[in-house]
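Computation of the quantities below employed the complete heavy-atom set of this structure, encompassing side-chain atoms and omitting hydrogens, waters and symmetry-equivalent molecules. Every chain is numbered from 1 and lettered A, B, ... according to where its sequence line falls, protein lines coming before strand lines.
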Amino acid sequence: DAGITQSPRHKVTETGTPVTLRCHQTENHRYMYWYRQDPGHGLRLIHYSYGVKDTDKGEVSDGYSVSRSKTEDFLLTLESATSSQTSVYFCAISAGGYGYTFGSGTRLTVV
Amino acid sequence: QKEVEQDPGPLSVPEGAIVSLNCTYSNSAFQYFMWYRQYSRKGPELLMYTYSSGNKEDGRFTAQVDKSSKYISLFIRDSQPSDSATYLCAMSTDPNRDDKIIFGKGTRLHILP
């Protein structure tokens with residue numbers, strides 16, 4: 001996806017380990033978002049950022065933290081991964097209007 | 001009542017048919033309406049963006065908004081197998097203040113060759 005990349009694309013990790021997912025953008029957009037997508041639940045907002053060091057919680061933020069030290073990078077950390085956090089994680093960016101641009105996703109499996 | 005309701009499908013139609021996808025919503029403050037298309041194992045991509053009521057056409061796609069009924073639709077004419085994907089409706093009150101976009105859960109569409 002042009003202007004936004006997520007890494008890694010796939011990850012398998014063990015219960016109880018910390019995991020960090022990275023979202024990198026080259027669009028200089030102000031807003032960045034982390035979603036998880038699960039069957040039957042659709043897209044659910046985890047955390048979002050409206051600028052460097054400015055972040056806020058979404059509807060499913062428990063067990064997750066974020067950091068944004070540079071405009072281009074938004075990190076999502078699972079402090080201690082659980083099986084319920086097995087999901088596909090999407091990052092999205094926005095300039096403040098006209099919809100979001102999504103990354104290709106990170107498929108995370110917690111075993 | 002959930003803010004945005006969308007039938008999950010799957011919806012299977014023969015190639016060449018007209019497809020109608022729909023969402024209802026409860027928040028009358030929504031002013032901006034979007035449709036995203038998501039192919040398997042890919043991120044959602046913005047397909048259509050409309051403001052307030054009325055129709056917007058882009059090639060084979062037409063987005064329709066009826067604010068009085070709190071109902072939005074996406075029509076696909078001359079459907080193709082490449083249209084097979086999940087379609088998510090989405091809406092917000094004021095994107096210029098970045099009021100967060102609310103997404104439907106998506107409708108899975110299969111176009112049968």
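- Scanning both residues, Arg9(A) and Arg41(B), for their nearest heavy atoms gives NH2-O, 4.2 Å.
- Closest of all the heavy-atom pairs between Pro44(B) and Leu43(A) is CG-CD1, 4.2 Å.
- Hydrophobic clustering of Ile, Leu, Val, Met, Phe, Trp and Tyr side chains at less than 4.5 Å, counting indirect connections, unites Leu46(B) with Tyr51(B).
- No path of Ile, Leu, Val, Met, Phe, Trp and Tyr side chains, each step under 4.5 Å between heavy atoms, connects Tyr50(A) with Leu75(A), placing them in separate hydrophobic clusters.
- With Tyr36(B) contributing its side chain and Tyr100(A) its backbone, the two residues share a donor-acceptor pair below 3.5 Å.
- The part of Arg107(A) that comes within reach of chain B is its side chain, from C-beta onward, which places non-hydrogen atoms under 4.5 angstrom from that chain.
- With hydrophobic clusters built from ILVMFWY side chains whose heavy atoms lie under 4.5 angstrom apart, Met48(B) does not share a cluster with Phe75(B).
- Taken together through direct or relayed side-chain contacts under 4.5 Å among Ile, Leu, Val, Met, Phe, Trp and Tyr, Val19(B) and Phe61(B) form part of one hydrophobic cluster.
- For the pair Lys42(B) and Phe90(A), the tightest heavy-atom approach, listed with the atom from each and the gap, is O-CZ, 3.5 Å.
- In this structure, chain A has a heavy atom under 4.5 Å from the side chain of Gln38(B), while its backbone stays farther away.
- When heavy atoms are compared at a cutoff of 4.5 Å, Ile102(B) does not approach chain A at all.
- The contact between Gln37(A) and chain B is made entirely by side chain atoms (from C-beta outward), counting heavy-atom distances below 4.5 Å.
- Listed for the Tyr33(A) side chain is no donor-acceptor partner under 3.5 Å among the backbone atoms of Lys100(B).
- Remark: Glu14(A) CD is loosely packed, at most 12 non-hydrogen atoms of other residues, nucleotides or ligands lying under 6.0 Å away.
- Remark: Tyr31(A) OH to Ile101(B) CD1 distance equals 12.0 Å, nearest 0.5 Å.
- In the hydrophobic clustering of ILVMFWY residues, with side-chain heavy atoms under 4.5 Å counting as a link, Tyr49(B) and Phe102(A) come out together.
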